[in-house]
Amino acid sequence: MNQITFDIIKDDEKVRAYIKAGDDALRALRFTEHSFAHVYKTADTASSLLTELGYAERECELAKIAGLLHDIGNMVNRSGHALTGAVLAEGILSEYSMPYSETASVICAIGNHDEETGRPVNIIAAALILADKSDVRRSRVTETDMDKILADIHDRVNYAVTNGSISAINNGVKKITLNLDIDTSVCSVMDYFEIFLSRMLMCRRAADYLDAEFELIINNLKIM
């Protein structure tokens, strides 16, 4: 049996339709972008973090698959989207006859990526949390009216992030670093923490699960 890979799943017609439908629903609610750019970035980041920390190639691939599928529950409803997405993902992966143990790891990660109910309960979940919560960038803002962008704290904070990256090192001591450049003429660093503090704490818990230190640097200053 051939192993199921990210490249196979990403071209699935159902997967692409579900990702698009989820993003369409959130755009109608004036959320930031949750389409292919976000899920591909999340997938690549989750896989890269585990690779940099020395995890097995298959675990890195499963993290990439979880990143691809993690937001498909948004097409049903934003509320509870992680749990709905996990159920939908199970159906998709079952169609490909993915081994039950691998399917369990992926859907567990998807079901635990939301900060309100989720926890880093396995390696894939920890990587997914770090990848998803670190994707803050100007290009995720779908609103074009600057007055509306500045009036909405989520749009304002994302728009203010001019550069962001997350990386890991494993030189005897594991460290995961989220590095952000924030244009403080658009929003303050305090605005960032007003909406992202719970996500940053979740990232720290995820790093702890991977036996790594979590470090947040904003405008060249270490914050966490």
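Glu90 has its side chain within reach of Thr103: a pair of non-hydrogen atoms, C-beta onward, lies under 4.5 Å apart. Contact annotation: the side chain of Val161 never approaches that of Arg138 to less than 4.5 Å [non-hydrogen atoms, C-beta and beyond]. Residues Tyr55 and Leu210 form a side-chain contact, since some pair of their non-hydrogen atoms from C-beta on lies under 4.5 Å apart. Two residues are said to be in side-chain contact when any heavy atoms from C-beta on lie closer than 4.5 Å; Glu194 and Asp191 meet this criterion. Looking only at side-chain heavy atoms (C-beta outward), Leu26 and Arg78 come within less than 4.5 Å of each other. You'll find the side chain of Phe31 stays beyond 4.5 Å of the side chain of Asn74, heavy atoms only. Leu178 has its side chain within reach of Met200: a pair of non-hydrogen atoms, C-beta onward, lies under 4.5 Å apart. Gln3 is listed as a side-chain neighbour of Arg58, based on a closest heavy-atom distance under 4.5 Å.
Scanning all heavy atoms of the two residues, the minimum distance from Val39 to His34 falls at CG1-O, 4.4 Å. The two residues Ser134 and Thr45 come nearest to each other via the heavy atoms OG-CG2, 4.5 Å. When all heavy atoms of Cys187 and Ala160 are compared, the pair lying nearest together is SG-CB, 3.5 Å. Nearest heavy atoms, Phe6 versus Glu61: N-OE2, 2.7 Å. Contact between Ile65 and Val106 at its shortest, heavy atoms only, is CG2-CG1, 4.4 Å. Between Glu115 and Met202, the shortest heavy-atom distance links the atoms CA-SD, 3.4 Å.
Residue Leu93 holds its CG atom at 5.5 Å from CD1 of Ile9, rounded to the nearest 0.5 Å. From Leu88, atom CG reaches atom CG of Asp71 across 12.0 Å, with rounding to the nearest 0.5 Å. With rounding to the nearest 0.5 angstrom, the CG atom of Asp7 is 5.0 Å from the OG1 atom of Thr5. The line from NZ of Lys10 to CG of Leu69 is 13.0 Å long, rounded to the nearest 0.5 Å. With values rounded to the nearest 0.5 angstrom, Leu128 atom CG is found 11.0 Å from Leu49 atom CG. Atoms CG and CZ, on Leu130 and Phe214 in that order, are 6.5 Å from each other to the nearest 0.5 Å.
Shown here is Asp145, whose CG atom has more than 12 heavy atoms of other residues, nucleotides or ligands within 6.0 Å. Counting heavy atoms of neighbouring residues, nucleotides and ligands inside a 6.0 Å radius, atom OH of Tyr100 does not exceed 12 of them.
Using modelled atom types and a 3.5 Å distance limit, the side chains of Asp23 and His38 yield no donor-acceptor pair. No side-chain N or O of Glu52 forms a donor-acceptor pair with one of Ser48 less than 3.5 Å apart. Residues Tyr159 and Asp183 have side chains that never bring a donor and an acceptor to within less than 3.5 angstrom of each other. No side-chain N or O of Thr177 forms a donor-acceptor pair with one of Asn179 less than 3.5 Å apart.
Note: the hydrophobic cluster containing Ile92 also contains Ile19 (ILVMFWY, side chain heavy atoms under 4.5 Å, direct or indirect links). Linking Ile, Leu, Val, Met, Phe, Trp and Tyr residues whenever their side-chain heavy atoms come within less than 4.5 Å places Ile8 and Met98 in a single cluster. By the rule that hydrophobic residues join a cluster once side-chain heavy atoms approach within less than 4.5 Å of another member, Ile176 and Leu50 end up as members of one cluster. One hydrophobic cluster, built from ILVMFWY side chains closer than 4.5 Å, cannot hold both Tyr40 and Val141; they sit in different ones. Hydrophobic clustering (ILVMFWY, side-chain heavy atoms < 4.5 Å, transitive): Ile217 and Phe196 are in distinct clusters.
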Take Lys20 and Asp24, measure what salt bridge (charged side-chain N to carboxylate O under 4.0 Å, His left out) needs, and give me the verdict at the end. CA-CA 6 Å; Lys20 183 180 184 304; Asp24 288 346; 2.8 Å; yes
Trace of the side-chain contact (heavy atoms from CB on, under 4.5 Å) decision for Leu216 with Ile218: CA-CA 7 Å; Leu216 172 62; Ile218 298 179; 4.1 Å; yes
What verdict does the side-chain contact (heavy atoms from CB on, under 4.5 Å) test give for Cys108 and Ile124, after you've listed the backbone C-alpha separation in whole Å, the side-chain angles of each residue and the deciding distance to 0.1 Å? CA-CA 8 Å; Cys108 181; Ile124 311 305; over 6 Å; no
From CA spacing to verdict: side-chain contact (heavy atoms from CB on, under 4.5 Å), Ile223, Phe193: CA-CA 10 Å; Ile223 307 299; Phe193 276 102; 3.1 Å; yes
Apply salt bridge (charged side-chain N to carboxylate O under 4.0 Å, His left out) to the pair Arg156 and Glu143, showing each step before the final yes or no. CA-CA 10 Å; Arg156 186 166 72 247; Glu143 179 59 65; over 6 Å; no
Begin with the C-alpha distance, continue with both residues' side-chain angles, and end with the deciding distance and a verdict on side-chain contact (heavy atoms from CB on, under 4.5 Å) for Asn77 and Thr84. CA-CA 8 Å; Asn77 198 297; Thr84 307; over 6 Å; no
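Under the 4.0 Å criterion applied to side-chain N and carboxylate O atoms, Glu213 and Lys222 are assigned as salt-bridge partners. With respect to Asp155 and Arg30, a salt bridge is recorded, a charged nitrogen being found less than 4.0 Å from a carboxylate O. The pair Asp208-Arg204 fails the salt-bridge criterion, with no side-chain N (NZ, NE, NH1 or NH2) lying under 4.0 Å from an Asp/Glu carboxylate O. Under a 4.0 Å N-O distance rule, the pair Glu33/Arg137 qualifies as a salt bridge.
The backbone N or O of His113 sits less than 3.5 Å from a side-chain atom of Lys133, completing a donor-acceptor pair. Under a 3.5 Å cut-off, the side chain of Glu102 and the backbone N or O of Pro99 do not form any donor-acceptor pair. Side-chain atoms of Ser188 do not come within 3.5 Å of backbone N or O of Thr184 as any donor-acceptor pair. Side chain of Asn112 to backbone of Ala125: no donor-acceptor contact under 3.5 angstrom is found. Asp114 places a side-chain N or O within 3.5 Å of a backbone atom of Glu116 that can act as its donor or acceptor partner.
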